[in-house]
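Working notes for the structure below.
Lettering follows sequence order; numbering is per chain, from 1.
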Amino acid sequence: MLDIKLLRAQPEVVVEQLKRRNFELDLTEFTKLDAERRAALVEAEQLKNQQNTVSKQIPALKKEGKDVAPIFAEMKELSDKVKVLDDKVRELDEALRQIVLTIPNIPNAEVPDGNDDSDNLEIRKWGEPTKFDFEAKAHWDIGENLDILDFGRAAKITGSRFTVYKGLGAALERAIINYFLTTHTTKSGYTEIFPPYMVHRNSMVGTGQLPKFEEDAFKVANTEYFLIPTAEVPVTNLHKDEILSADQLPIKYCAYSACFRAEAGSAGRDTRGLIRQHQFNKVELVKFANPDTSYDELETLTNDAEKVLQGLGLPYRVVRLCSGDLGFSSAMTYDIEVWMPSYGRYVEISSCSNFEDFQARRAGIKFKRDTNSKAEFVHTLNGSGVAVGRTVAAILENYQQADGSVKIPEALVPFMGTDLIK
RNA sequence: GGAGAUGUACCCAAGUGGUUGAAGGGUCUGCACUCGAAAUGCAGUAGGUCGGCUCAAACCGGCGCCAGAGUUCAAAUCUCUGCAUCUCCGCCA
């Protein structure tokens, strides 16, 4: 959520900044409602002040035996007026909130201008795209040939965009989760969280999935709960409505969770294999940072995510998303893209973002520089560290052998108990 | 799922309709005393949020006793709904 004071004071600046992400912001309705709200609020507050003043005198007047009936009649009128005005303010508040909640974050100045992912800026590359002296297969074929992935039976028991992992396939998924969490907690200083997989509406609003993108989420029938699309939602909301102290920052959490996405609007895209599923596993990194250093924290967070890909020996590159490709809540995002031989290109495996105070304002997450200073919003950051299913896909494809077997990256062998799937 | 109880500030806790601007402790902070600390004394410890006036601060006002709705001239206090916690029962991994 943007600062309402900024929308008031410099609307033209906000409109200009949001054009960079191809978002046309029309503030006429906002400005009108905001002025109405303040007028009604000031009037209501003046009347309430009058109510309070008179109410305080009533016990004394009663004691003196004065007739208070005429005063009560007057106060009744006042009270009715206040009720009308309060209702009006409440309605306007809600209307304004709905407007502000659907305005995306302002891109950071360092974000390159652009329309879509073709305008993203490559920052660095690690490793070289894998070369094969035989005809390389796609991971869905490798997985089915080795009898470790079963898309057909997953479709039978649930539907499309689900996968059954079997045998060493299931073991590989589990080993990767374990390797990621172990690395982040022991090498990079993150505290592990295991969160609920369902959250209420307010949490989804706090991180920015709602109200705008409800169609992307799974809502649990007969409840007001949503299946989490990422551990970002419960983990960021851990500190909702809290005031932290500066010496706690940065707070660094990592969390494994299953993630659930409706994938509305992506019909026909990535229909084969593990790339785009309704349910997938992910280890997420989340930081709560002092605004002064949040961009340094974004760099280290991205590096922490890269670390696990380096450990697995998977070639990747890091791109800075252009303004048009930026997510709703983000001020700046680095995507980490792993080399996927079947696609013949790099494919997103992690998205690391600084949301600045956009989520913190929605969720009420603040900190104090010291005991006497005013509470300020923290900056929140997160990134995948990294997507597990896509890692399985990348390992199957990049480590496949001519005989159809797949070597296990050395770092995973202790977690797998074997160095080969055949 | 059933029955009962509870929800007041950083913590404990008083408060059954009006001068509550929420008692009293604890904690913490400052000051005094002290070489320093402890003890003691004094002071502060309701922050936050939304507004007004402002470059800003100061100042002034609205809200605030889990959340929301209601009754009333007036609600921490009465009523309803929801949420959370605790105890017991049922069920269950």
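- Near RNA chain B, meaning a heavy atom under 4.0 Å away, the residues from residues 4-16 of chain A are A:Arg8.
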In a table with atom names and distances, give each donor-acceptor pair under 3.5 Å that connects a side chain of residues 219-238 of chain A to protein atoms at least two apart or in another chain.
from	atom 1	to	atom 2	distance (Å)
A:Lys219	NZ	A:Glu224	OE2	3.3
A:Thr223	OG1	A:Val220	O	2.8
A:Thr223	OG1	A:Tyr225	N	3.0
A:Thr230	OG1	A:Glu232	N	2.9
A:Thr230	OG1	A:Lys282	NZ	2.8
A:Glu232	OE1	A:Asn382	ND2	3.4
A:Glu232	OE2	A:Gln359	NE2	2.9
A:Glu232	OE2	A:Asn382	ND2	3.3
A:Thr236	OG1	A:Glu232	O	2.7
A:Asn237	ND2	A:Ser203	O	2.9
A:Asn237	ND2	A:Val233	O	2.8

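- Atom CZ in A:Arg361 sits roughly 15 Å away from atom C1' in B:G48 (whole-Å rounding).
- A:Thr28 meets the side-chain hydrogen bond (donor to acceptor under 3.5 Å, both in side chains) test with A:Asp26; sequence neighbours excluded.
- In this structure A:Glu263 satisfies the side-chain hydrogen bond (donor to acceptor under 3.5 Å, both in side chains) test together with A:Ser266, A:Arg276, sequence neighbours excluded.
- Its glycosidic angle being within 90° of 0, B:G64 falls on the syn side.
- For the pair A:Tyr225 and A:Ala60, nearest-nucleotide mapping onto RNA chain B gives the more 5' position to A:Ala60.
- Between A:His239 and A:Tyr253, the side chains place a donor N or O and an acceptor N or O closer than 3.5 Å (distance only, hydrogens not considered).
- Scanning residues 31-40 of chain A for heavy-atom distances under 4.0 Å to RNA chain B yields A:Arg37, A:Arg38.
- Atom C1' of nucleotide B:G18 and atom NZ of A:Lys56 are separated by 12 Å, given to the nearest angstrom.
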Base contacts versus sugar-phosphate-only contacts with protein, heavy atoms under 4.0 Å: please encode nucleotides 62-73 of chain B as B, S and - from 5' to 3'. BS-----S---B

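- For residues 161-174 of chain A, every residue pair satisfying the salt bridge (charged side-chain N to carboxylate O under 4.0 Å, His left out) rule, not counting sequence neighbours, is listed here: A:Asp147-A:Lys166.
- For the salt bridge (Lys or Arg N to Asp or Glu O under 4.0 Å) test, no residue two or more places apart in sequence or in another chain qualifies with A:Glu348.
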Return all side-chain donor-acceptor pairs below 3.5 angstrom for residues 320-329 of chain A, not counting sequence neighbours, or 'none' if the list is empty.
from	atom 1	to	atom 2	distance (Å)
A:Arg320	NH1	A:Glu110	O	3.3
A:Arg320	NH2	A:Tyr334	OH	2.9
A:Ser323	OG	A:Arg20	O	2.6
A:Ser323	OG	A:Gly114	N	3.2
A:Ser323	OG	A:Gly114	O	3.4
A:Asp325	OD2	A:Asn120	ND2	3.1
A:Ser329	OG	A:Thr207	O	3.3

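- Taking every side-chain heavy atom of A:Lys368 into account, B:G47 is the closest of B:G18, B:G52, B:G47.
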Side-chain donor-acceptor pairs of residues 74-89 of chain A under 3.5 Å, sequence neighbours excluded:
from	atom 1	to	atom 2	distance (Å)
A:Asp86	OD1	A:Lys48	NZ	3.2
A:Asp86	OD2	A:Lys48	NZ	3.3
A:Asp87	OD1	A:Arg90	NH1	3.0

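- Sorted by first and then second residue, the pairs that involve residues 140-171 of chain A and meet ring pair (Phe, Tyr, Trp, His ring centres under 6.0 Å), not counting sequence neighbours, are A:Phe162-A:His278.
- Under the ring-ring contact (aromatic ring centres under 6.0 Å, His included) criterion, A:His379 pairs with no residue at all, not counting sequence neighbours.
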